[in-house]
Peer 1: 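Structure in structure tokens, see below.
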There are 2 protein chains.
Amino acid sequence: MTHTFLNEAPITTASDQVFVDMRREIVEGSIVQGSKISEPELAKRYGVSRATLREALNRLESCYLVERKANVGCRVVALTAERLIEVYQVRSSLEGLACRLAADNMEPEEVKGLKQLLNQHLQTQRVKEGESYYQEAGDLDFHYRIIQGSKNAHLIHLLCNELYQLIRMYRVQMGMVGPRVSKAFDEHLAIINAIENHDGELAEMLMKRHISASQANIQTKFDVYQSI
Amino acid sequence: MTHTFLNEAPITTASDQVFVDMRREIVEGSIVQGSKISEPELAKRYGVSRATLREALNRLESCYLVERKANVGCRVVALTAERLIEVYQVRSSLEGLACRLAADNMEPEEVKGLKQLLNQHLQTQRVKEGESYYQEAGDLDFHYRIIQGSKNAHLIHLLCNELYQLIRMYRVQMGMVGPRVSKAFDEHLAIINAIENHDGELAEMLMKRHISASQANIQTKFDVYQSI
DNA sequence: ATTTTTTAGATTGTCGACAATTAATGTCGT
DNA sequence: ACGACATTAATTGTCGACAATCTAAAAAAT
């Protein structure tokens, strides 16, 4: 079961379904990055008309997974090192903000839930030692809860609905499943403590640093290709 | 001539035109905030089919000017005090980032252009003394150039294409045309100096403060209504 | 042979009509 | 008179076809 954020509108219409399906295929690489999208072809493949497919494409564009040019067409986004830096600069700033707000606005029981989540991850990590399948869903859930804790609806939408699928796309296609687990664990713990102490300034700084470390980690994948 | 951001894709298709037209009407209040949008009605009014109108609606949703619910319809966004706070928290964070990046990445001639722009505004301000029609276009242009100076395409898109129309909508409909001119001038000057000295940290802080002051200024308009 | 122009093909943008869903009206029962 | 239910009207979602535009291959010119 692939983890997809929860606070989304339920899937009612056909274009909803196509949007969710295409999004998964793009994030996972089944529809390869940078490739051109043929509307008639994909419409046939998903068994819908071009109109509903275009509706889905519009929404994919809203979350930066495809790019569109008038009278030319649609391409899947290309995962470049430059774009990674740009996106992570934005992410770092916004999640830093979210974390600072969360230190003020999270309910005690929400903080408690966060700590339980972390303990849970510690245990599964010990079990799966090294293989650490947990990273993806676990890390995502951690960030997700803090973002929700900001109580800023606009910020939540920006991060959870618009930006995060692109970030997942980088992580999945760059093969970010393995390392950095124990380090990330310690960083998560420090962030939770700051939030619990209502130290927004510290929480923001720690989150920014945590995300920068994550970026540097992905960045190495690009550097590897570069050096070959 | 209303100032609209320059780095937009040229208007080629019919839905482009409808998008730009509707956007202006919403921002200026001709289409009133919170009102429901009837697709057949507006399609007839703009002389296009429902398909192209819906395309325009999708893009208006991308820049937060309308909200959409499946099988229910579309509403113009409502300008609440809560939303203002949320949006400005995000804006402050992102433009702070932009300003910090601009301190590193702006070319000397770009900085020079910024200073000229400010001098220009100083003169027109002296002439129009008090009435200060300059605020809207001038302030917008100042922020616009710094954002461009960040050289971060994703950030530029986020601020200039997605967020700024909503901000303009608040300013226009709350009647923010008059005051805060001289104060804003000094703040702008300090920001430019920080950028020129490549002091990103200071530039970020000053910009955040500048935007917070702007927020507080708009906020008073809501408080006035509240107290009546 | 190279460049420009023309032409053919394919793709996107737009339209009007139909199907599915929602909101509003009216009807019935208590 | 009030509330629950059924029916009707209106709105949105979806479809297939046509028009406008772009891309690329073929033809013409230098």
Side-chain angles (χ1 to χ4, degrees), chain A residues 8-26 30-78 157 161, chain B residues 8-26 30-78 157 161:
Chain A
E8 286 190 298
I11 294 148
T12 55
T13 86
S15 64
D16 283 340
Q17 189 62 57
V18 174
F19 167 64
V20 172
D21 289 348
M22 282 193 70
R23 188 179 65 181
R24 207 192 67 241
E25 294 202 62
I26 290 175
S30 305
I31 302 177
V32 298
Q33 52 147 321
S35 66
K36 179 149 192 328
I37 286 179
S38 163
E39 292 183 5
E41 180 191 327
L42 281 192
K44 199 168 66 178
R45 183 167 140 207
Y46 285 104
V48 296
S49 111
R50 265 186 61 222
T52 84
L53 183 99
R54 281 165 65 86
E55 176 85 20
L57 288 181
N58 277 326
R59 292 164 61 185
L60 289 171
E61 188 183 19
S62 294
C63 52
Y64 314 112
L65 296 182
V66 306
E67 288 165 350
R68 185 162 241 202
K69 277 185 201 161
N71 286 316
V72 173
C74 217
R75 303 195 82 87
V76 180
V77 72
H157 174 81
N161 294 124
Chain B
E8 286 190 299
I11 294 148
T12 55
T13 88
S15 65
D16 283 340
Q17 188 63 57
V18 175
F19 167 65
V20 172
D21 289 348
M22 283 193 71
R23 187 179 65 184
R24 207 193 67 239
E25 293 202 62
I26 290 175
S30 305
I31 302 177
V32 299
Q33 53 148 317
S35 66
K36 180 149 190 327
I37 286 179
S38 162
E39 293 183 4
E41 180 190 327
L42 281 191
K44 200 169 65 177
R45 183 168 140 207
Y46 285 104
V48 296
S49 111
R50 264 186 61 222
T52 82
L53 183 101
R54 280 165 68 84
E55 176 84 21
L57 289 180
N58 277 326
R59 291 165 61 187
L60 289 171
E61 189 183 19
S62 294
C63 50
Y64 313 112
L65 295 181
V66 306
E67 287 165 351
R68 185 162 241 201
K69 276 184 202 164
N71 287 316
V72 173
C74 217
R75 302 195 84 87
V76 180
V77 71
H157 174 81
N161 294 126

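Chain naming here is simple, since letters A, B, ... match the order of the sequence lines and numbering starts at 1 in each. Predicted model, so just to flag it, every value in this text is computed and none were measured.
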Peer 1: Restricting to non-hydrogen atoms, name the atom on A:I26 and the atom on A:V76 that form the minimum distance, rounded to 0.1 Å.
Peer 2: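 Looking at all heavy atoms of both residues, the closest pair is CG2-CG1, 3.8 Å.
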Peer 1: In terms of heavy-atom contacts, does NZ of A:K69 have more than 12 from other residues, nucleotides or ligands at under 6.0 Å?
Peer 2: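 Result for NZ/A:K69: open.
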Peer 1: Which heavy atom in B:L53 sits nearest to a heavy atom in B:Y46, and how many Å separate them?
Peer 2: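 That would be CD1-CD1, 4.3 Å.
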Peer 1: Would you say A:D21's side chain and A:V18's backbone share a donor-acceptor pair under 3.5 angstrom?
Peer 2: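 No, the answer is negative, given that no donor and acceptor are paired below the 3.5 Å cut-off.
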Peer 1: Identify the two heavy atoms, one from B:T12 and one from A:A70, that lie closest to each other, and give their separation to 0.1 Å.
Peer 2: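 What the structure gives for the nearest pair is OG1-CB, 3.6 Å.
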Peer 1: Pull out every residue in residues 36-48 of chain B that has a heavy atom closer than 4.0 Å to any atom of DNA chain D, ordered by number, or say none.
Peer 2: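 The stretch gives B:K36, B:I37, B:E39, B:P40 as the residues lying under 4.0 Å from the strand, ordered by number.
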Peer 1: Would you confirm whether A:R75, through its side chain, and A:G34, through its main-chain N or O, come within 3.5 Å as a donor-acceptor pair?
Peer 2: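 It does hold such a pair.
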Peer 1: Would you mind classifying the nucleic acid contact of B:A14 as base, sugar-phosphate or nothing, using non-hydrogen atoms under 4.0 angstrom?
Peer 2: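 Sugar-phosphate: the residue B:A14, judged by heavy atoms under 4.0 Å, touches backbone atoms but no base.
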Peer 1: So, using side chain to side chain contact (heavy atoms under 4.5 Å, CB included) as the criterion, who are the partners of A:R68 when residues are at least two apart?
Peer 2: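 For A:R68, the residues satisfying side chain to side chain contact (heavy atoms under 4.5 Å, CB included) (neighbours in sequence not counted) are A:E39, A:R54, A:L57, A:N58, A:E61, A:C74, B:E55.
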Peer 1: A:D16 CG to D:dT12 P: how many Å, rounded?
Peer 2: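 Computing the A:D16:CG to D:dT12:P distance gives 16 Å.
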Peer 1: May I have the distance from A:R50 (atom CZ) to C:dC15 (atom C1'), rounded to whole angstrom?
Peer 2: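 So the CZ-C1' distance, A:R50 to C:dC15, works out to 12 Å.
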Peer 1: Phosphate oxygens OP1/OP2 of C:dT14: is one of them under 4.0 Å from a side-chain N or O of B:S49?
Peer 2: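 So the side chain of B:S49 is outside the cut-off, no N or O lying under 4.0 Å from OP1 or OP2 of C:dT14.
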Peer 1: Hey, does the side chain of B:T13 come within less than 4.0 Å of C:dT12's phosphate (OP1/OP2), counting only N and O?
Peer 2: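 No, because none of the side-chain N or O atoms of B:T13 sits under 4.0 Å from OP1 or OP2 of C:dT12.
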Peer 1: Using whole Å, report how far CG of B:L53 lies from C1' of D:dT11.
Peer 2: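 Rounded to whole Å, this separation is 13 Å.
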Peer 1: Any side-chain N or O of A:R54 under 4.0 Å from OP1/OP2 of C:dG13?
Peer 2: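 For C:dG13, OP1/OP2 do have a side-chain N/O of A:R54 under 4.0 Å.
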Peer 1: Would you mind reporting whether B:R50 and B:L42 have side-chain heavy atoms less than 4.5 Å apart?
Peer 2: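 B:L42 vs B:R50: side chains apart.
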Peer 1: What's the shortest heavy-atom distance between B:S15 and B:R59, and which atoms?
Peer 2: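 Taking B:S15 first and B:R59 second, the nearest heavy atoms are OG-NH1, 4.0 Å.
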Peer 1: Counting just side-chain N and O atoms, does A:S15 come under 4.0 Å of either OP1 or OP2 of D:dT14?
Peer 2: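 A:S15 to D:dT14 OP1/OP2: side-chain N or O found under 4.0 Å.
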Peer 1: Going by number, which of residues 56-77 of chain B have a non-hydrogen atom under 4.0 Å from DNA chain D?
Peer 2: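 Nucleic-acid contacts, sorted: B:A70, B:N71, B:V72, B:G73.
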